[in-house]
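This report refers to the structure that appears directly beneath it.
Chain letters run A, B, ... following the sequence lines, proteins first and then strands; every chain starts at 1.
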Amino acid sequence: MKARVRYAPSPTGLQHIGSVRTALFNYLFARSVGGTFILRLEDTDRTRSQDIYVKNLYDTFRWLGFYWDEGPDVGGPVGPYTQSERFALYREHAERLVDMGKAYYCFCSDDKSAAKDAEKSGQDQAEQEGDAQASGGFGYPRTCRGLDPAEAKRRAASGEPHVIRLKIPLDGVTGFDDILLGRIEWKNADVNPDPVLLKSDGFPTYHLANVVDDHLMGITHVMRAQEWIPSAPLHMIMYEAFGWEPPRLCHLPMVLGDDGHKLSKRHGATAVDEFRRRGYLEAALINYVAMLGCSYEDGRDLYSLEDLARLFSMDHINKAPAVFDYVKLEWFNGQYIRMLSDEELAARITPFMAEAGLVSAKPSALEVARLLAAAPLVKERLKYLSDAPEALRFLFAEPAVPPVEELLPKKMDAAGAARALGLAMELLEANDPADHDACEAAFRSGGAEAGLKLGDLLMPLRVAVTGTKVSPPLFQSIAVLGKATAIQRAGKALAALKAANERP
RNA sequence: GUCCCCUUCGUCUAGUGGUUAGGACACCGGGUUUUCAUCCCGGCAACGGGAGUUCAAUUCUCCCAGGGGAUGCCA
């Protein structure tokens with residue numbers, strides 16, 4: 001049977017590292033076995049679901065560059081793929097369970113805020129525990145489980161507010177064989193007593209919708225984060241109650257922050273959007289995330305999405321949670337930036353340059369040409385695409401004349417710096433910066449005659465031309481900038497040095 | 001509290017009943033160099049603890065500890 005897997009996010013927040021990781025693993029698995037990857041929108045929480053998050057979902061995956069074979073936007077044979085559009089299905093199934101005696105109507109009021117307050121204050125501890133006792137230790141005390149079914153059905157039909165709850169067997173054992181973790185079992189007494197399947201607003205809970213849709217959509221493998229393990233038994237009980245064959249489950253190790261807790265906003269960037277804005281390449285992010293909790297070939301670090309899809313295998317997944325390491329991701333990003341062609345890099349940094357106001361939003365032909373010429377100057381130097389504006393600013397804007405102290409090489413005074421700069425200007429006049437080797441030879445020998453090391457000779461010129469002590473290689477930079485402009489800037493700096501020198 | 005999962009360098013990981021326990025990132029040295037990077041070379045650093053099984057355990061079993069997760073009419 002052809003494998004069918006799904007990514008089933010709820011549009012209640014931005015797509016983040018954790019969710020994308022789950023999506024990626026499902027995608028890779030599907031590709032590796034020639035299966036189908038499905039997107040299903042689980043928008044059953046109507047207070048938290050929002051359209052902007054759906055848009056963010058589409059944007060994110062378009063950017064990442066891997067996509068589903070079936071989904072709300074692309075359609076497919078078992079749609080609709082948005083749960084709110086399958087509304088009727090869930091009540092129907094929940095009631096079927098009621099009719100089979102596997103679930104029941106519950107008319108208890110939803111007083112969770114009161115319950116939460118009580119829990120916090122600790123005042124009603126004894127009372128809470130007393131209630132808990134009746135339910136076998138925790139959770140809902142199963143108050144309505146004993147109601148007469150016919151009577152309950154009549155009350156529900158008459159419009160009395162209600163939910164439908166699943167009957168968790170009072171004794172016995174429920175378990176499943178996790179592909180990764182092996183057999184996991186629970187005493188039914190330890191399973192969350194009688195979880196809600198259908199909410200009072202008529203919408204299904206995650207549990208119901210998930211199980212019904214996974215079955216109806218022919219899902220064969222469910223890969224999700226390990227935080228879902230505790231809900232597995234109740235899903236199994238549902239499959240059993242419906243008489244359905246459950247999919248194979250595989251619980252992925254979680255992604256943690258550096259403090260060992262579930263990755264969240266306070267650990268830094270977690271929304272994929274944010275990584276994009278900060279100048280990460282999608283290939284780097286995908287490569288890094290794919291290797292969190294998984295390995296492919298020993299000794300290899302760099303994998304394209306295609307490589308990963310080919311090499312992926314569930315038995316290379318680790319059991320232990322993995323800490324998300326921004327530093328290592330940064331390294332990946334640098335690697336991928338270096339792999340870009342000049343054309344690609346120029347195109348990639350353009351939006352960042354535009355945002356910094358260094359080129360127009362729709363760059364002119366001249367700007368495009370200069371961006372292309374600038375790309376090789378920074379390719380080895382960027383950690384993030386967003387570093388480009390700072391590194392290349394001097395090519396697109398006139399830097400302020402540097403303060404005198406900036407122009408001084410180590411252990412050199414203004415007079416010395418002026419001499420060095422003057423010499424550098426002469427040498428520059430006499431040479432073609434585009435001819436790198438000739439230029440360097442000329443500066444080297446010219447400097448030697450004046451008793452100047454190449455670095456010291458170049459530093460004042462570098463600062464004068466680029467406005468900073470740290471820049472791309474000078475001759476190449478000047479070649480892109482234009483010799484005349486460089487000499488003009490150097491002239492201004494020289495004047496400043498001389499003025500400083502004349503002051504006592 | 002209860003239930004469940006996990007445990008190899010700081011981090012991501014490879015690995016085997018007998019290995020100098022390998023790689024990558026980070027870090028520390030050194031080299032190349034025009035600043036910064038890149039690049040190259042070298043170094044540091046791990047099998048959580050305790051019992052077993054075994055000639056031999058990082059590897060198999062059990063216990064413990066530590067960490068994490070769940071315990072919603074959120075997913």
Side-chain angles (χ1 to χ4, degrees), chain A residues 8-13 19 42-45 47-49 106 108-110 112 115-116 129 132 136-140 161-165 178 180-181 184-187 189-193 195-207 209-210 224-233 251 253-254 256 258 260-262 288 291-302 316 318-332 334 338 378-383 391 409 440 443-444 447 453-459 461-463 466 468-475:
Chain A
S10 69
T12 54
S19 44
E42 306 215 328
D43 58 343
T44 55
D45 182 343
T47 62
R48 293 200 308 145
S49 294
C106 167
C108 297
S109 66
D110 169 23
K112 60 180 170 176
K116 214 181 272 175
E129 277 165 20
F138 68 107
Y140 174 66
H162 64 276
V163 300
I164 293 178
R165 289 180 184 274
D178 190 280
L180 198 59
L181 272 13
I184 304 178
E185 284 185 346
W186 289 261
K187 292 196 278 289
D190 292 329
V191 176
N192 183 9
V196 170
L197 261 26
L198 199 73
K199 307 181 219 178
S200 53
D201 65 3
F203 274 79
T205 58
Y206 160 77
H207 303 297
N210 197 262
R224 52 165 34 163
Q226 285 183 359
E227 62 193 284
W228 292 105
I229 292 176
S231 61
H251 289 92
M254 308 227 307
L256 312 178
D258 54 11
H261 287 266
K262 203 156 73 163
Y288 177 65
M291 298 190 79
L292 265 185
C294 197
S295 65
Y296 297 84
E297 288 174 359
D298 190 22
R300 216 232 276 198
D301 302 298
L302 270 15
H316 286 136
N318 260 325
K319 295 179 182 181
V323 173
F324 191 89
D325 183 358
Y326 289 88
V327 177
K328 188 150 190 177
L329 174 57
E330 181 181 290
W331 178 81
F332 273 102
R338 263 154 248 146
V378 289
K379 196 184 285 181
E380 311 277 272
R381 271 159 264 268
L382 299 181
K383 285 179 178 166
E440 180 173 330
F443 272 71
R444 206 176 278 284
K453 281 186 291 190
L454 187 57
D456 287 346
L457 174 58
L458 253 22
M459 185 49 76
L461 183 62
R462 178 191 310 282
V463 176
T466 68
T468 58
K469 286 188 167 174
V470 174
S471 81
L474 231 206
F475 302 136

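Base contact: A:P472 has a heavy atom under 4.0 Å from a base atom. Within 4.0 Å (heavy atoms only), A:I229 reaches sugar-phosphate atoms of the nucleic acid but no base atom. Within 4.0 Å of A:V323, counting heavy atoms only, lie sugar-phosphate atoms of the nucleic acid but no base atom. No contact: A:F324 has no heavy atom under 4.0 Å from any strand. Note on A:L458: a base of the nucleic acid sits closer than 4.0 angstrom, heavy atoms only. Counting any heavy atom pair closer than 4.0 Å across all strands shown, A:E440 reaches a base atom. Among the protein residues, A:G334 comes within range of no part of the nucleic acid, since none of its heavy atoms lies under 4.0 Å from any strand.
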Next item on the list: Carefully, step by step, assess A:D258 and A:Y326 under the rule side chain to side chain contact (heavy atoms under 4.5 Å, CB included).
Entry: CA-CA 9 Å; A:D258 54 11; A:Y326 289 88; over 6 Å; no
Note to self: For A:V196 and A:T205: C-alpha separation, side-chain torsions, deciding distance, then whether side chain to side chain contact (heavy atoms under 4.5 Å, CB included) applies.
What the structure shows: CA-CA 7 Å; A:V196 170; A:T205 58; 3.8 Å; yes
Item checked: Derivation of the side chain to side chain contact (heavy atoms under 4.5 Å, CB included) call for A:L457 and A:M459 -> CA-CA 6 Å; A:L457 174 58; A:M459 185 49 76; over 6 Å; no
Next item on the list: Could you walk me through whether A:T468 and A:V463 pass the side chain to side chain contact (heavy atoms under 4.5 Å, CB included) test, one step at a time?
Entry: CA-CA 5 Å; A:T468 58; A:V463 176; over 6 Å; no
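Side-chain proximity of A:W186 to B:rA75, B:rU35, B:rC4: nearest is B:rC4. For A:W331, taking side-chain heavy atoms from C-beta onward, the closest of the listed nucleotides B:rA75, B:rU35, B:rC25 is B:rC25. In this structure, of B:rG69, B:rC6, B:rA75, it is B:rG69 that holds the atom nearest to the side chain of A:M254. When each of B:rU13, B:rA70, B:rC6 is scored by its nearest atom to the side-chain atoms of A:A322, the top-ranked nucleotide is B:rU13. Set against B:rA37, B:rC3, B:rG68, the side chain of A:D190 has B:rC3 as its closest nucleotide. Comparing B:rC73, B:rU7, B:rG72 against the side chain of A:K199 picks out B:rC73 as the nearest. For A:T205, the side-chain atoms get nearest to B:rC73 when compared with the rest of B:rC73, B:rU38, B:rU7. Minimum atom distance to the side chain of A:S200 is reached by B:rC73, of the listed B:rU13, B:rU71, B:rC73.
Base pairing of B:rU2: its partner is B:rA70, meeting the Watson-Crick or G-U wobble criterion (both donor-acceptor distances under 3.5 Å). Across the strands present, B:rG43 finds its partner in B:rC27; the criterion is a Watson-Crick or G-U wobble pair with both atom distances under 3.5 angstrom. Of all nucleotides present, none satisfies the Watson-Crick or G-U wobble test against B:rU54 with each distance under 3.5 Å. Under the Watson-Crick and G-U wobble criteria, each requiring two contacts below 3.5 Å, nucleotide B:rG17 is left unpaired.
When the C1' atom of B:rG68 is taken as reference, atom CH2 of A:W228 falls 17 Å away, rounded to whole Å. Distance A:R338 CZ to B:rC40 C1': 15 Å, rounded to the nearest Å. Rounded to an integer number of Å, the gap from A:L461 CG to B:rC36 P is 17 Å. As a whole-Å value, the separation of A:Y296 OH from B:rU13 C1' is 12 Å. One interatomic measurement links the two molecules: CG of A:L197 to P of B:rC74, which rounds to 12 Å at whole-angstrom precision. Separating the NZ atom of A:K469 from the P atom of B:rC36 is a distance of 11 Å, rounded to the nearest angstrom. A:E185 places its CD atom 10 Å from the P atom of B:rC4, with the value rounded to the nearest Å. The NE2-P distance, from A:H162 to B:rC73, rounds to 15 Å in whole Å.
When the C1' atom is used for both B:rG67 and B:rU61, the distance is 23 Å, rounded to whole Å. Comparing the C1' positions of B:rA51 and B:rG18 gives a spacing of 22 Å, expressed to the nearest Å. B:rU2 and B:rC60: their C1' atoms are spaced 31 Å apart (whole Å). Spacing of P atoms, B:rA24 relative to B:rC44, comes out at 14 Å, to the nearest Å. Only the P atoms considered, B:rU16 is 15 Å distant from B:rG22, to the nearest whole Å. The same atom, P, is picked in B:rG52 and in B:rA46; the two are 26 Å apart, to the nearest Å. Across B:rG48 and B:rA26, the matching C1' atoms stand 23 Å from one another, rounded to whole Å. Rounded to a whole angstrom, the distance from the C1' atom of B:rG31 to that of B:rA65 is 47 Å.
Contact annotation: the side chain of A:L180 never approaches that of A:H251 to less than 4.5 Å [non-hydrogen atoms, C-beta and beyond].
When the side-chain nitrogen and oxygen atoms of A:N318 are compared with OP1 and OP2 of B:rA14, one or more of them lie within a distance under 4.0 Å. For B:rG69, the OP1/OP2 oxygens have a side-chain nitrogen or oxygen of A:H261 closer than 4.0 Å. OP1 or OP2 of B:rA14 lies within a sub-4.0 Å distance of a side-chain N or O belonging to A:S295. Distances shown here put a side-chain N or O of A:K262 below 4.0 Å from the OP1 or OP2 atom of B:rA70. Contact between the side-chain N/O atoms of A:T44 and the OP1/OP2 oxygens of B:rA75 is found at a separation under 4.0 Å.
A donor-acceptor contact under 3.5 Å is formed by the side chain of A:K328 with the base of B:rA24.
A donor-acceptor pair under 3.5 Å is formed between the side chain of A:R300 and the backbone N or O of A:L302. A distance-only check finds no donor-acceptor pair linking the side chain of A:K199 to the backbone of A:I164 [under 3.5 Å].
If A:L181 and A:P473 are placed on RNA chain B by their nearest nucleotide, the residue sitting closer to the 5' end is A:L181. Checking A:F475 against A:I184, the closest nucleotide of RNA chain B that is more toward the 5' end is the one next to A:I184.
Taking the centre of each ring, A:W228 and A:Y206 come in below the 6.0 Å mark.
Between A:F324 and A:Y288, the ring planes are perpendicular. Angles over 60° get that label, and only those under 30° would be called parallel.
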